There are 2 protein chains.
Amino acid sequence: MPGRVDHLKSISRERRVRLTGVSRGATRSGKEAGPRADTRPGAQRAGAAVATTIHDVARAAGVSPATVSRVFNGGRVTAERAERVRTAATELGFAPNRVARSLRTQRASVIGLLIPDIENPFFTAMARGVEDAAQQTNLSVVLCNTDEDVAKERRYLEIALAEQMAGVIVAAASRSRTDLSALESRKMPVVAVDRRPRGSTVDVVLVDNAHGAEEATWHLFERGYRRLACLTGPEGASTSEERLAGYRTAVRDFVRENPTETRAAEALREERIRYADFRVEGGHRAMRELLALPEPPDAVFAANNLMAVGALQALAEAGLAAPGFGVLSFGEIPWAPLVRPSLSTVRLPSYDLGFTAATLLQERISGGERPLQTVVLRTELHARESTAGPGA
Amino acid sequence: MPGRVDHLKSISRERRVRLTGVSRGATRSGKEAGPRADTRPGAQRAGAAVATTIHDVARAAGVSPATVSRVFNGGRVTAERAERVRTAATELGFAPNRVARSLRTQRASVIGLLIPDIENPFFTAMARGVEDAAQQTNLSVVLCNTDEDVAKERRYLEIALAEQMAGVIVAAASRSRTDLSALESRKMPVVAVDRRPRGSTVDVVLVDNAHGAEEATWHLFERGYRRLACLTGPEGASTSEERLAGYRTAVRDFVRENPTETRAAEALREERIRYADFRVEGGHRAMRELLALPEPPDAVFAANNLMAVGALQALAEAGLAAPGFGVLSFGEIPWAPLVRPSLSTVRLPSYDLGFTAATLLQERISGGERPLQTVVLRTELHARESTAGPGA
DNA sequence: ATGAAAGCGCTAACAA
DNA sequence: TTGTTAGCGCTTTCAT
């Protein structure tokens with residue numbers, strides 16, 4: 001039976017495919033009659049991967065496919081056979097096909113992480129947190145960059161669903177237009193992070209933006225600045241609004257507690273509050289507008305790191321510099337200590353945001369039926385030179 | 001037959017599963033005898049996704065599953081039926097199960113991108129390039145952060161293989177220890193980027209490190225610095241070695257062309273060349289050592305951006321500043337213009353690296369049988385204030 | 001143009 | 001403990 005011997009040794013798909021009709025027919029009892037139609041997938045495409053299957057290993061080790069499966073999944077197999085299977089597997093370079101496994105078990109060991117801007121250090125730090133947490137349960141993380149684009153985000157959400165991922169962590173591209181309903185109706189575990197998508201019932205992990213902004217603004221007053229301005233993000237973005245709210249709260253509190261500081265309240269005026277786009281260029285433009293006011297401010301609270309960078313540029317161009325002009329950034333910048341003068345910042349718990357989100361997600365994946373949760377993490381004020389005070 | 005009517009309307013897996021034995025038995029001819037063993041996957045796990053299948057849609061639209069498949073894959077179907085299928089699909093919220101499709105067709109529409117450090121702007125820019133190129137062929141990109149860790153990298157490579165991804169782009173965690181042979185033997189399309197893994201036969205896209213470093217070093221001489229030092233990466237890393245080689249070439253050339261500059265050759269001395277780890281902290285330490293030399297240098301060529309940042313810190317601590325002390329960074333820093341004095345850099349073609357790699361990969365995936373290719377992309381010198389010259 | 005049926009590689013229920 | 005078998009959801013051939 002030379003054909004059969006040849007087949008026993010075959011590893012590559014090319015050869016197996018040609019022989020399948022024979023081998024399967026010979027192996028499976030009760031199906032001697034050839035198949036009515038040949039429905040095998042087409043011939044091996046160029047550039048496609050070729051894999052050894054559980055059947056190849058079984059044959060090589062002289063056991064059944066089920067036994068091979070058990071060896072790889074912690075089933076009960078005698079040591080001797082298990083060993084034989086493992087050797088055969090190594091020899092043939094076998095790795096279980098996760099696609100088949102997922103299809104069969106209806107679950108995957110991959111979670112998706114959707115972030116709006118892969119070049120923003122805030123999100124990359126978050127990604128590390130997610131990864132570290134996921135590692136503990138042997139889940140792998142795949143990162144998808146949605147680029148603040150709701151359409152791109154939708155595509156990735158569809159992929160997550162279609163790929164049957166174990167769950168998804170999403171930093172929404174838009175609070176109102178990000179739509180998680182498809183995932184929810186399919187009962188895919190989801191955790192929203194940094195931004196709470198409107199109208200969705202998922203666990204959420206947030207930054208305490210309002211409190212952080214309040215603390216930051218208060219710090220500017222304490223250091224002696226009196227004519228504050230605020231550079232916030234796009235109107236409608238929750239982070240923008242919350243940070244602005246914190247700014248306002250601090251101003252109001254300061255005015256109430258210091259009735260003699262009559263001009264402090266001007267920080268609430270419309271012209272002192274600029275909505276920009278969370279990007280360097282936007283911060284730059286908005287800062288220029290602030291400086292062009294008849295009564296320009298003496299300090300600025302920038303609601304994110306990139307806009308703070310833009311603001312610094314505008315200041316430098318205008319011949320102004322911190323700390324004479326106070327600058328405080330909401331969100332760390334990696335080389336903050338290098339910028340001269342060094343930049344005071346509100347440090348966001350980006351890593352912990354990711355870590356917490358992944359932990360929640362894993363609870364959901366493993367079937368925790370607890371009620372929906374919202375976790376809010378605190379920020380940390382790092383006062384550096386740029387807010388040393390107008391006289392410093 | 002009320003049970004059957006009920007079943008026709010059923011959408012959710014929970015209900016279908018319970019009825020499967022009946023429905024399948026009734027639907028499939030010649031299998032009236034009940035199955036010998038019930039081997040259906042276990043009941044719906046908590047926290048797992050629930051999906052509508054092609055069968056649900058088929059039933060709802062009154063067609064066969066094959067027709068539904070054809071509607072979603074551009075097969076020939078009459079307009080009227082196609083329309084019916086599409087409505088039913090939308091109504092049921094159907095999305096094709098990619099896992100099943102992959103299993104059947106033996107190919108996926110996802111490519112993996114493995115990068116060693118997601119927090120390094122160089123790699124994130126590269127990722128964008130990959131994404132933009134992939135978009136053109138409707139491939140999705142999933143990012144895996146290997147964290148410069150060969151073990152982690154191996155895990156992700158196994159996943160790529162096991163998940164039957166269409167291909168992989170890998171910026172190797174180690175030149176010598178990264179092992180692509182498993183992918184190669186399975187004929188999975190692979191493109192290496194930024195670093196050429198030893199002993200693997202794959203397409204490679206590289207930066208012209210030697211040339212860029214040579215140009216940068218030459219620039220330092222031209223600006224009047226004479227006592228150069230080099231801060232390079234880990235020994236054995238190809239990028240480190242190539243950049244160092246470029247540095248050496250430039251020094252030798254300069255010495256040859258300027259025989260009177262007797263001290264320039266000292267730039268080749270062992271104590272002027274420091275191997276660090278491509279990280280901020282390593283650059284910082286190495287720079288301190290350089291400054292502690294009996295005859296310290298007057299300019300430094302840092303072989304990557306993070307080490308340049310560390311070097312700047314060390315300089316500041318020592319009361320030194322550019323351009324009196326020349327600093328040139330191989331690799332852009334996002335806020336380079338903000339750092340005072342602004343930092344001269346060699347801009348790496350990171351985006352194009354990714355774009356090119358993805359383009360090559362797609363050719364391989366679609367079956368291009370062309371010979372192996374190595375593409376080398378050029379750098380660009382951006383002279384700014386930090387290399388204005390020792391007297392500037 | 002349409003449907004029936006087989007099978008991608010795996011896991012799990014059951015029988016032995 | 002081991003093997004047999006069905007089937008996860010899809011695509012694709014063949015027959016109609």
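Naming: A, B, ... by sequence-line order, numbering from 1 per chain. Because the structure is a prediction, the values reported are computed rather than measured.
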Atom-to-atom span, [atom1] of [X] to [atom2] of [N] - whole angstrom:
| X | N | atom1 | atom2 | value |
| --- | --- | --- | --- | --- |
| His55(A) | dG7(C) | NE2 | P | 12 Å |
| Asn97(B) | dG9(D) | CG | C1' | 6 Å |
| Ile54(B) | dA5(C) | CD1 | C1' | 14 Å |
| Arg186(A) | dG9(D) | CZ | C1' | 13 Å |
| Arg104(B) | dC10(C) | CZ | C1' | 16 Å |
| Leu103(B) | dT12(D) | CG | P | 13 Å |
| Arg98(A) | dC10(C) | CZ | C1' | 14 Å |
| Glu163(A) | dG9(D) | CD | P | 16 Å |

Give a yes/no answer on whether the side chain of Ser102(B) brings an N or O atom under 4.0 Å of OP1 or OP2 in dC8(C).
no
Would you tell me if any nitrogen or oxygen in the side chain of Thr78(B) comes within less than 4.0 Å of OP1 or OP2 on dT2(C)?
yes
Taking only the side-chain heavy atoms of [X] (C-beta and beyond), determine which of [options] contains the nearest atom.
| X | options | result |
| --- | --- | --- |
| Ala100(A) | dT12(D), dC10(C), dA12(C) | dC10(C) |
| Gln106(B) | dC10(D), dT12(D), dC8(C) | dC8(C) |
| Arg101(A) | dC10(D), dT2(C), dC10(C) | dC10(C) |
| Arg81(A) | dC8(C), dT2(D), dT11(D) | dT2(D) |

Run Arg177(B) and Asp149(B) through salt bridge (Lys or Arg N to Asp or Glu O under 4.0 Å) and show every step you take.
CA-CA 10 Å; Arg177(B) 281 146 55 237; Asp149(B) 175 345; over 6 Å; no
May I ask you to say whether Lys152(A) pairs ionically with Glu131(B), meaning some side-chain N is under 4.0 Å from a carboxylate O?
yes
Check: Arg98(A)/Ser109(A) side-chain N/O donor and acceptor closer than 3.5 Å:
yes
Glu153(B) and side chain to side chain donor-acceptor pair (under 3.5 Å): which single residue from Thr146(B), Thr178(B), Asn145(B) fits?
Thr178(B)
Tell me what Val77(A) touches on the nucleic acid: a base, only sugar-phosphate, or nothing, going by heavy atoms under 4.0 Å.
sugar-phosphate
CA sep, side-chain torsions, deciding dist, call: Arg154(A), Asp179(A), salt bridge (Lys or Arg N to Asp or Glu O under 4.0 Å):
CA-CA 8 Å; Arg154(A) 188 172 36 238; Asp179(A) 182 14; over 6 Å; no
Any donor-acceptor pair under 3.5 Å from Ser200(B) side chain to Val202(B) backbone
no
Under 3.5 Å, which donor-acceptor pairs do the side chains of residues 61-69 of chain A form with other protein atoms, sequence neighbours left out?
residue, atom, partner, partner atom, Å
Ser64(A), OG, Ala66(A), N, 3.4
Ser64(A), OG, Thr67(A), N, 3.3
Ser64(A), OG, Thr67(A), OG1, 3.2
Ser69(A), OG, Asn73(A), ND2, 3.4

Tell me the bend of the helix from dA1(C)-dT16(D) to dA16(C)-dT1(D) as the angle between end helix axes, each from five pairs, rounded to the nearest 10 degrees.
40°
Is Arg370(B) atom CZ crowded by more than 12 heavy atoms from other residues, nucleotides or ligands, each under 6.0 Å away?
yes
Interface with DNA chain D, restricted to residues 62-76 of chain A and to heavy atoms under 4.0 Å:
Val63(A), Ser64(A), Ala66(A), Thr67(A), Arg70(A), Arg76(A)
Can you see which heavy atom on Gln106(A) is nearest to which on Gln164(A), and at what distance?
OE1-NE2, 4.2 Å
Nearest heavy-atom approach of Ala358(B) to Val130(B) is CB-O, 3.7 Å
